[in-house]
4 protein chains.
Amino acid sequence: MQPSEIQAYADAEPQSRKAGRPRSEDSHRAILDATRRLLTHMPVSKISVEAIAKKAGVGKTTIYRWWPNKQAVVMDAVFSQPAFHNILPASANAFEGIQAQLEKLFRQLAGKNGRMVSEIIGDAQGDPEALKSLIEIFFQQRYDALARYINEGKESAEFAKETDVEVAIDLIMAPVFFRLMTGQDFDQTFESQIPAMIRKALAA
Amino acid sequence: MQPSEIQAYADAEPQSRKAGRPRSEDSHRAILDATRRLLTHMPVSKISVEAIAKKAGVGKTTIYRWWPNKQAVVMDAVFSQPAFHNILPASANAFEGIQAQLEKLFRQLAGKNGRMVSEIIGDAQGDPEALKSLIEIFFQQRYDALARYINEGKESAEFAKETDVEVAIDLIMAPVFFRLMTGQDFDQTFESQIPAMIRKALAA
Amino acid sequence: MQPSEIQAYADAEPQSRKAGRPRSEDSHRAILDATRRLLTHMPVSKISVEAIAKKAGVGKTTIYRWWPNKQAVVMDAVFSQPAFHNILPASANAFEGIQAQLEKLFRQLAGKNGRMVSEIIGDAQGDPEALKSLIEIFFQQRYDALARYINEGKESAEFAKETDVEVAIDLIMAPVFFRLMTGQDFDQTFESQIPAMIRKALAA
Amino acid sequence: MQPSEIQAYADAEPQSRKAGRPRSEDSHRAILDATRRLLTHMPVSKISVEAIAKKAGVGKTTIYRWWPNKQAVVMDAVFSQPAFHNILPASANAFEGIQAQLEKLFRQLAGKNGRMVSEIIGDAQGDPEALKSLIEIFFQQRYDALARYINEGKESAEFAKETDVEVAIDLIMAPVFFRLMTGQDFDQTFESQIPAMIRKALAA
DNA sequence: AGGTAACCGAGACGGTACGTCACGTCTTTAC
DNA sequence: GTAAAGACGTGACGTACCGTCTCGGTTACCT
């Protein structure tokens with residue numbers, strides 16, 4: 001599933017148009033663009049729906065018509081960017097796949113994007129609904145990719161048979177986000193040692 | 001540094017009392033108690049300083065006199081609880097120490113306390129000041145304990161020599177908080193496999 | 001002029017029909033009916049064009065195509081009711097005519113209808129356009145009837161010669177609407193004393 | 001009762017001040033001033049609480065703290081003006097008193113003030129609460145003055161004994177407000193004939 | 001019989017204002 | 001000199017309607 005698919009919008013079936021004025025593609029785009037532009041200047045917490053509406057030249061109602069709240073707009077704005085698509089290269093073995101996923105994350109979460117994501121995750125704490133949709137939009141595809149590699153590795157005896165897939169996923173993903181949320185940047189040491197440690201941790 | 005030290009309050013020296021009405025020890029306690037009681041019923045984001053003041057029977061000014069904002073009160077209320085002290089048992093070797101730290105975390109972060117902590121961490125994203133003080137109050141002592149064990153393990157050749165201490169700390173701590181922040185509870189599998197994986201990851 | 005004439009609709013000349021779909025008589029009726037039904041449950045100020053459209057099963061556009069705004073719809077809905085036609089019985093002398101007009105008003109403005117009218121008049125304050133059309137639709141015919149009686153009375157020496165017609169009209173109509181707009185209901189005393197007082201006021 | 005007395009504010013007893021920051025006399029005045037200034041440029045319906053707050057340099061909350069809604073602010077702003085105090089000169093007989101009251105009204109309601117009052121009365125239709133307080137603030141003192149004159153006139157046989165006081169009050173006040181609310185200005189004819197007609201209407 | 005113009009419902013759009021809430025500050029009286 | 005009480009300016013919230021607009025579709029006249 002790609003980020004953009006969270007929009008019911010994208011699901012519209014071309015042959016059976018509903019009555020009424022169709023949703024404005026321009027406004028939709030303007031809202032997400034404005035949100036992204038605001039996000040580069042200020043933290044999520046400083047952004048208001050009002051500011052987005054004003055910057056996008058759009059009525060506040062139009063935003064609330066399509067997203068339940070600010071968090072949802074921000075998630076959509078951030079994760080619908082092509083840079084956040086999770087297309088991974090083919091990999092020779094299970095560990096290589098995991099490593100590819102990690103490197104993808106390192107690149108996706110470096111710099112401002114990382115800060116945005118950590119704020120989005122932070123915002124979703126204390127709101128189960130937001131957390132659920134965050135997982136659907138962002139985490140699930142990464143979970144799925146990793147689950148495939150881990151199962152592959154278990155079958156090929158590259159990884160230990162008793163490894164629990166979900167626990168392994170946590171072990172792999174966690175350090176990346178923990179760094180982010182404790183305010184540390186990625187560095188060369190981190191990016192090289194974490195995959196190595198994970199390889200050892202999972203090894204048969 | 002112990003949690004209670006974040007309170008400027010605690011620094012008052014008893015011998016040099018100024019003239020006038022003394023600070024109210026009662027109010028101080030009432031504020032933290034009220035905050036804790038509110039936290040069991042609702043997420044951090046739904047709590048207001050006004051609500052704390054009302055529940056504590058205290059003026060809002062009194063809160064702002066001693067804490068800079070809501071986040072600080074909440075951190076103080078949560079982390080000053082005895083259950084959050086990080087006193088670890090003596091351990092025979094490095095890995096046992098790490099395991100003790102992990103088990104301490106599992107116990108401290110199970111149930112409502114875990115949810116509170118994840119919300120506090122979430123709230124601190126997007127506010128570098130808050131994040132900094134969160135690390136000082138909560139994370140630093142755990143980092144320090146782990147750093148000791150890791151260095152110990154490196155010296156005794158229990159762990160690989162090339163292991164970077166900071167990376168290792170991230171690897172150890174991260175899965176616990178990642179589970180928390182993605183809305184998953186700890187379970188038996190997680191609590192047993194994570195330490196095992198970490199042992200393998202760090203092994204010489 | 002009859003109330004229904006406020007409708008541009010009524011002005012359509014049958015011989016010069018334009019091409020295209022004709023106005024839907026059903027929609028027209030449904031809009032006025034829905035408005036009247038809403039008016040019995042809530043004050044004019046609480047009614048929205050959207051609510052009328054929904055209740056009438058009609059698009060908002062259809063309402064705006066035929067009436068410039070909510071006030072106009074409401075006026076039309078209220079004053080196009082047969083109960084608001086101002087057909088007066090023949091009268092032996094001028095005062096009897098005035099009395100007939102007053103009694104007609106007492107009956108037309110008792111109960112809910114009175115409340116609706118007072119709200120319509122209230123709404124028209126601060127909007128000269130609305131006030132003008134209110135006078136055309138509702139007041140003018142009553143003014144005209146009274147003017148006839150007053151002139152008749154002046155000619156027959158029933159009324160004082162120096163009486164200004166417009167002032168006399170105000171004197172006659174005003175108490176009825178003043179009661180309405182100060183929230184007092186009509187009662188027996190009012191309905192009997194007002195005509196008597198007016199007779200004395202106008203007497204030669 | 002004077003208009004300004006509608007303010008609970010004015011009722012404060014000087015000797016027993018409540019705890020807490022006292023109401024800001026400056027803000028209070030600024031709000032009413034701003035409202036009056038806005039009223040000279042636009043109808044009541046075009047004024048928003050937001051505009052008043054902005055013009056007064058005051059938070060919207062401060063307005064809502066002391067007045068329940070825009071109508072109440074406007075009433076207070078208009079009727080607390082000295083020009084609306086209803087102090088009448090001593091009068092030799094009952095009719096002279098009534099005439100004095102009428103002339104006071106002619107002067108108070110000429111020009112912009114009249115338009116404001118008609119809008120206020122209009123706005124109060126459809127909101128019984130507003131209507132009630134409008135009567136208390138504005139109409140009641142005029143009712144009371146007239147009631148005194150009418151009773152005086154009945155006792156001195158200047159007026160007919162069977163005259164109902166409330167009906168007489170309506171007869172006297174109504175034409176003034178009816179003119180206002182039907183968009184007609186006062187003129188010389190009106191101002192001279194109405195008192196004369198009322199004298200005849202009430203005469204013994 | 002077909003074209004076409006005006007109508008219709010549905011409903012999205014850019015706006016304005018609402019009344020509420022919480023923030024963090026300020027200004028009193030009471031102790 | 002600190003406390004409580006509580007008013008203050010600020011600014012965002014999410015909602016309700018406004019009056020306009022754009023769709024797909026309908027209807028009845030006028031060739």
Side-chain angles (χ1 to χ4, degrees), chain A residues 16-24 26-28 30 45-51 53-54 56-66 68-70, chain B residues 17-24 26-27 45-51 53-54 56-70, chain C residues 17-24 26-28 46-54 56-70, chain D residues 16-24 26-28 45-51 53-54 56-66 68-70:
Chain A
S16 73
R17 284 288 294 283
K18 290 273 193 69
R21 181 174 177 172
R23 178 173 182 175
S24 160
D26 284 357
S27 294
H28 178 84
S45 58
K46 292 285 174 194
I47 291 178
S48 66
V49 174
E50 248 144 18
K54 189 164 190 178
V58 142
K60 232 193 326 178
T61 326
T62 303
I63 297 179
Y64 282 110
R65 207 189 323 274
W66 301 110
N69 49 48
K70 186 181 67 177
Chain B
R17 283 283 294 280
K18 295 276 186 66
R21 183 168 174 173
R23 286 163 185 167
S24 162
D26 284 356
S27 292
S45 57
K46 292 285 173 194
I47 291 178
S48 66
V49 174
E50 247 140 20
K54 188 166 188 179
V58 140
K60 243 195 318 180
T61 328
T62 305
I63 297 179
Y64 281 109
R65 204 187 319 275
W66 302 112
W67 292 273
N69 50 47
K70 185 180 69 176
Chain C
R17 283 288 291 278
K18 295 276 186 67
R21 179 175 177 171
R23 177 174 184 177
S24 162
D26 285 356
S27 293
H28 181 250
K46 293 284 174 195
I47 290 177
S48 66
V49 174
E50 248 141 18
I52 295 171
K54 188 166 188 179
V58 141
K60 241 194 319 180
T61 328
T62 304
I63 297 179
Y64 281 109
R65 205 188 322 273
W66 302 111
W67 293 273
N69 51 46
K70 185 181 70 176
Chain D
S16 75
R17 285 287 292 281
K18 291 274 192 69
R21 181 175 177 172
R23 178 173 181 174
S24 160
D26 284 356
S27 293
H28 178 84
S45 56
K46 292 284 174 195
I47 290 178
S48 66
V49 174
E50 246 143 19
K54 188 165 189 177
V58 142
K60 233 192 327 178
T61 327
T62 301
I63 297 179
Y64 281 110
R65 206 188 325 273
W66 302 111
N69 49 48
K70 186 181 67 178

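So that the names make sense, note that chain A is the first sequence line, chain B the second, and so on, each numbered from 1.
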Considering all heavy atoms, the nearest A56(A)-A30(A) contact:
CB-O, 3.5 Å
From the list dC18(F), dA12(E), dC13(F), which nucleotide is the closest neighbour of the side chain of E50(A)?
dC13(F)
From CD1 of I47(B) over to C1' of dG24(E), roughly how many Å is that when rounded to an integer?
18 Å
Which nucleotide in the set dC18(E), dG14(F), dC13(E) lies at the smallest distance from any side-chain heavy atom of N69(A)?
dG14(F)
Nearest-Å distance, CZ (R21(D)) to P (dT27(E))?
6 Å
Counting only side-chain heavy atoms from C-beta out, which of dC18(F), dC21(F), dG6(F) sits nearest to Y64(C)?
dC18(F)
Whole Å only: how far is the CZ atom of R23(A) from the P atom of dC13(E)?
7 Å
Nearest to the side chain of T62(B), which nucleotide is it out of dA7(F), dA3(F), dA17(E)?
dA3(F)
Using whole Å, what does the distance between atom P of nucleotide dA5(F) and atom CZ of R65(D) come to?
17 Å
Output the rounded distance in Å from NZ (K54(D)) to P (dA17(E)).
11 Å
Just the rounded figure in Å: distance from C1' of dT22(F) to CG of D26(A).
13 Å
Provide, to the nearest angstrom, the distance between the NZ atom belonging to K46(D) and the C1' atom belonging to dC18(F).
10 Å
Is a donor-acceptor contact shorter than 3.5 angstrom present between the side chain of T61(C) and the base of dA10(E)?
yes
Minimal non-hydrogen separation, A53(B) against G59(B), with atom names:
CB-C, 4.2 Å
Heavy atoms, side chains only, cut-off 4.5 Å: are V49(C) and Y64(C) in contact?
yes
Nucleotide nearest K60(B) (side chain, heavy atoms from C-beta), chosen from dA16(F), dT10(F), dT25(E)
dT25(E)
Heavy-atom nearest nucleotide on DNA chain F taken for V58(B) and for K70(A); more 5' hit belongs to V58(B)
Any idea which of dG14(F), dA3(F), dC8(F) is nearest the W66(B) side chain?
dA3(F)
Could you pick out which residue, G59(D) or G57(B), lies toward the 5' side of DNA chain F when each is mapped onto its nearest nucleotide?
G57(B)
Rounded to whole Å, NE2 of H28(D) lies from P of dT27(E) at a distance of 20 Å
Start with the C-alpha gap between R23(D) and W66(D), add the side-chain angles, then the distance that decides, and say whether side chain to side chain contact (heavy atoms under 4.5 Å, CB included) holds.
CA-CA 10 Å; R23(D) 178 173 181 174; W66(D) 302 111; 3.3 Å; yes
Go nucleotide by nucleotide along DNA chain E from the 5' end; which of A53(A) and V49(D) gets its closest nucleotide reached first?
A53(A)
